[in-house]
Student: 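Before we start, here is the structure in question, set down as structure tokens.
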Amino acid sequence: MFEAMVLVCMMGNLQDCYVADDTRGPYKEITECIDRTTEMSMQIMSINETHVVMGVRCDPTGEEPEPDGVKT
């Protein structure tokens, strides 16, 4: 499983940064996580023109995905 994160900084002041955490994940596949970081980046840039996306990450959570059809 993977968690999506986006590093966002204030344009003109790259010391003023924060990590935007995803509210939908974690994701079973890394490709799903990468797609989500792209979506998050586009949303952040469209909402706030004074911030710039400096980087994205998909970190493994250490959890194994549940088999399809099984819920705990």
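Just so it is clear, the model here is predicted, and its values are computed rather than measured.
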Student: What's the spacing between Tyr18 OH and Met10 CE if we round to 0.5 Å?
Tutor: 10.0 Å

Student: With rounding to the nearest 0.5 Å, note down the distance linking CE in Met5 to CG in Asp22.
Tutor: 10.0 Å

Student: Of all residues at least two apart in sequence or in a different chain, which pass the side chain to side chain contact (heavy atoms under 4.5 Å, CB included) check with Thr61?
Tutor: Met1, Glu3, Pro26, Glu63

Student: Ala4 and Tyr27: which non-hydrogen atoms are nearest, and at how many Å?
Tutor: CB-CE1, 4.3 Å

Student: Inspect the surroundings of CD in Glu29 and state if more than 12 heavy atoms from other residues, nucleotides or ligands are less than 6.0 Å away.
Tutor: no

Student: CD of Glu39 to CD1 of Ile44: how many Å apart, nearest 0.5 Å?
Tutor: 10.5 Å

Student: Under 4.5 Å between side-chain heavy atoms, hopping through other hydrophobics if needed: is there a path connecting Met45 to Met40?
Tutor: yes

Student: Tell me who clusters with Phe2, hydrophobic residues only, linked when side chains sit under 4.5 Å apart either directly or through other members.
Tutor: Ile30, Ile34

Student: Can I get a per-line list of side-chain donor-acceptor pairs under 3.5 Å for residues 49-60, giving both atom names and the distance, sequence neighbours left out?
Tutor:
unit_1 : atom_1 : unit_2 : atom_2 : d
Thr50  : OG1    : Asn48  : OD1    : 2.5
His51  : ND1    : Asn48  : OD1    : 3.3
His51  : ND1    : Asn48  : ND2    : 2.9
Arg57  : NE     : Asp59  : OD1    : 3.1
Arg57  : NH2    : Asp59  : OD1    : 3.0
Arg57  : NH2    : Asp59  : OD2    : 3.3

Student: Cluster question for you: counting only ILVMFWY and a side-chain heavy-atom cut-off of under 4.5 Å, with indirect links fine, are Met42 and Val6 together?
Tutor: no

Student: For the SG atom of Cys33 and the CZ atom of Arg24, what is their distance to the nearest 0.5 Å?
Tutor: 12.5 Å

